[in-house]
Amino acid sequence: MKLLTYNFLTSKCIKKVKVGYPLKLNIMEQKVESTNFNPEFIQRVLPRLDWSAIKIAADSVGCQGFPDEINLETSTNDTELLQKLHHLLLEIEVVTGSLICPETNRIFPITNGIPNMLLNEDEV
Amino acid sequence: MAKRPEHSAPPEIFYNEDEAKKYSQNTRIIEIQEEMAERAYELLLLPEDESALVLDIGCGSGLSGSVLEENGHQWIGIDISQAMLDVASDREVEGDLILGDMGQGMCFKAGSFDGAISISAIQWLCNADKSNHVPQKRLYQFFTTLYACLTRNARAVFQFYPENAQQIDMITNQALRSGFYGGVVVDYPNSTKAKKYYLVLMTGGVQQQLPAGLGTEESNTEQISYSKKREMTKNIRGKDVKKSKDWIMHKKERRRQQGNETRLDSKYTGRKRSGRF
């Protein structure tokens with residue numbers, strides 16, 4: 001699971017969950033796979049990212065150098081930041097670990113890079 | 001007629017390892033899925049030369065995802081079958097895979113995706129696979145959560161196999177209730193084999209016209225032009241029309257080969273007679 005996906009996943013489909021975001025992230029095994037840097041894609045996705053979730057992700061994998069807050073207008077042209085984001089969001093894969101709902105503490109396991117978001121009958 | 005998969009088992013059971021293998025080995029299945037994925041991509045109308053983030057619903061073995069990759073987009077796929085997702089992992093697709101049930105809702109933040117695509121998947125929502133399933137509720141949950149996680153002006157295109165007209169209605173009604181505009185585009189409506197259904201949904205405020213289905217232009221000429229002349233053209237079966245000059249010449253050849261006494265050919269053989277004869 002890439003950290004870009006992590007930034008968009010929520011647990012709001014569980015009954016009674018109000019926001020379900022951001023999910024807590026536990027990483028047991030991760031790997032790095034480099035891909036081509038596409039600055040336009042990162043610029044396109046930048047306004048949709050939740051920065052607090054970025055900080056959580058960066059801390060979990062050990063990526064440093066991310067500011068605590070960003071200004072969208074100035075960041076769009078900050079190539080260094082875009083490259084760091086590309087590395088964090090698209091090049092790091094969580095192989096094993098889990099995602100945890102912040103409101104119910106329900107665990108979604110991640111195995112072989114695939115998060116299991118299947119809900120039980122009583123959660124729908 | 002072959003049994004519909006939805007009547008055999010729920011999708012997570014139907015798409016087991018053996019079935020999943022077909023999606024990586026059977027060239028016919030792969031070809032059809034790719035063709036439909038490309039047509040759905042065409043209907044998606046993503047801006048050209050821009051890399052977008054697309055949601056692939058019922059991504060399975062990642063065949064449709066590969067079409068998105070070839071066009072330079074990033075994708076995230078969701079599927080209920082672990083076996084199918086394993087095939088996708090083995091194929092090392094670029095998109096991220098999620099194990100999930102679309103009828104439980106799209107568990108994503110609002111405004112995440114530039115578009116959504118789905119090949120041969122949503123008809124599974126029309127059947128209740130568990131005792132607590134209510135198909136209309138699952139369809140509604142699916143469409144409302146999908147609407148929420150798409151950006152403004154994003155489109156969602158679903159190729160699906162409706163069992164009957166009621167299923168088309170059920171799906172379309174729940175989709176329109178969720179806030180989408182749009183409808184069903186049918187390619188090749190007059191062919192049982194080639195006919196394909198695409199549900200095209202739009203989130204934008206500007207009402208756009210639904211694209212025309214492929215193979216619908218010929219159906220405008222409903223009338224056969226009346227002709228007095230007998231068609232002297234070769235029969236579709238490949239044989240000559242009876243009593244035409246070609247037929248006479250062939251018959252004479254056959255008789256000669258059989259050793260029968262046959263008149264010689266001349267310029268009068270099989271000549272056109274005027275009406276007086």
Side-chain angles (χ1 to χ4, degrees), chain A residues 1-15 17 19-23 31 33-50 52-53 86 89-95 99 101 106 108-124, chain B residues 12 46-47 49-55 59 69 72-82 84-86 88-90 92-114 129-134 137-138 141-142 144-146 148-152:
Chain A
M1 182 194 70
K2 298 191 185 66
L3 293 168
L4 177 67
T5 309
Y6 165 70
N7 202 284
F8 293 129
L9 276 173
T10 73
S11 58
K12 65 179 181 184
C13 290
I14 303 179
K15 219 165 33 175
V17 165
V19 178
Y21 186 86
L23 299 170
K31 65 175 179 185
E33 264 181 38
S34 48
T35 51
N36 291 331
F37 173 50
N38 184 339
E40 282 97 34
F41 178 75
I42 306 290
Q43 284 169 334
R44 187 196 195 96
V45 146
L46 188 60
R48 302 177 207 172
L49 300 172
D50 179 290
S52 62
H86 168 84
L89 298 173
L90 297 176
E91 292 188 333
I92 302 181
E93 290 259 0
V94 176
V95 180
L99 298 164
C101 169
R106 204 270 203 203
F108 298 101
I110 305 172
T111 15
N112 201 16
I114 302 176
N116 182 343
M117 308 299 289
L118 285 171
L119 301 177
N120 303 322
E121 282 178 26
D122 53 348
E123 289 171 314
V124 181
Chain B
E12 63 271 23
L46 285 172
D49 296 333
E50 279 177 40
S51 182
L53 183 61
V54 182
L55 177 62
C59 62
E69 281 168 27
H73 302 294
Q74 296 281 350
W75 58 280
I76 296 175
I78 181 169
D79 201 277
I80 201 173
S81 160
Q82 184 66 58
M84 290 290 262
L85 291 178
D86 289 338
S89 295
D90 290 339
E92 291 187 353
V93 293
E94 285 168 25
D96 255 8
L97 305 168
I98 297 174
L99 179 64
D101 181 350
M102 57 166 124
Q104 291 178 344
M106 296 289 103
C107 46
F108 302 102
K109 217 169 48 171
S112 306
F113 298 99
D114 297 292
D129 294 314
K130 298 199 171 72
S131 55
N132 64 336
H133 278 183
V134 178
K137 264 187 90 182
R138 284 168 54 79
Q141 171 72 350
F142 167 64
T144 42
T145 48
L146 176 65
C149 73
L150 291 173
T151 58
R152 280 193 70 213

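A quick note: this is a predicted structure, and the numbers were derived from the prediction, not measured. In the text below, chain A, chain B and the rest are named by the order of the sequence lines, each starting its count at 1.
With a 4.5 Å cut-off on non-hydrogen atoms, B/I76 touches chain A through its side chain but not through its backbone. For chain A, the nearby parts of B/S112 are the backbone and the side chain; heavy atoms of each come within less than 4.5 Å. Heavy atoms closer than 4.5 Å to chain B are found nowhere in A/E40, neither backbone nor side chain. Residue contact with chain B, scored on non-hydrogen atoms closer than 4.5 Å, is absent for A/I14. Contacts between A/I110 and chain B at a heavy-atom distance below 4.5 Å are absent for every atom of the residue. Contacts of A/Y21 with chain B are made by side-chain atoms alone, with heavy-atom separations under 4.5 Å and no backbone atom involved. In this structure, chain B has heavy atoms under 4.5 Å from both the backbone and the side chain of A/K2. Both the backbone and the side chain of B/D101 come within less than 4.5 Å of a heavy atom of chain A. Within the 4.5 angstrom heavy-atom criterion, only side-chain atoms of A/R44, from C-beta onward, approach chain B.
Residues A/L4 and B/L53 meet the side-chain proximity criterion, which asks for heavy atoms closer than 4.5 Å. The shortest distance between side-chain heavy atoms of A/L90 and B/Q74 falls below 4.5 Å.
In this structure, B/H73 NE2 and A/N38 CG are separated by 11.0 Å, a value rounded to the nearest 0.5 Å. Once rounded to the nearest 0.5 Å, the distance linking CG of A/L118 with CD of B/Q82 reads 9.0 Å. Between atom NE2 of residue B/H133 and atom CD of residue A/E121 there is a gap of 7.5 Å, rounded to the nearest 0.5 Å. Note that OG1 of A/T5 is 11.5 Å distant from CD1 of B/I78, once rounded to the nearest 0.5 Å.
Considering only heavy-atom pairs separated by less than 4.5 Å from chain A, the leading option among B/C107, B/G105, B/G111 is B/C107. By number of non-hydrogen pairs under 4.5 angstrom with chain A, the leading residue of B/S89, B/A52, B/G72 is B/A52. Interface remark: of the candidates A/N7, A/N112, A/V45, A/V19, A/N7 forms the most heavy-atom pairs closer than 4.5 Å to chain B.
Each of A/N116, A/L9, A/I114 was scored for a side-chain contact (heavy atoms from CB on, under 4.5 Å) with B/I98, with one residue passing: A/L9.
Within 6.0 Å of CG in A/N36 there are 12 or fewer heavy atoms belonging to other residues, nucleotides or ligands. Within a 6.0 Å sphere centred on CD of A/E123, other residues, nucleotides and ligands contribute more than 12 heavy atoms.
For the residue pair B/K109 and A/T10, the shortest heavy atom distance occurs at N-CG2, 3.6 Å.
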Would you sort out whether B/D114 and A/R48 count as a side chain to side chain contact (heavy atoms under 4.5 Å, CB included), showing the intermediate values? CA-CA 11 Å; B/D114 297 292; A/R48 302 177 207 172; 2.5 Å; yes
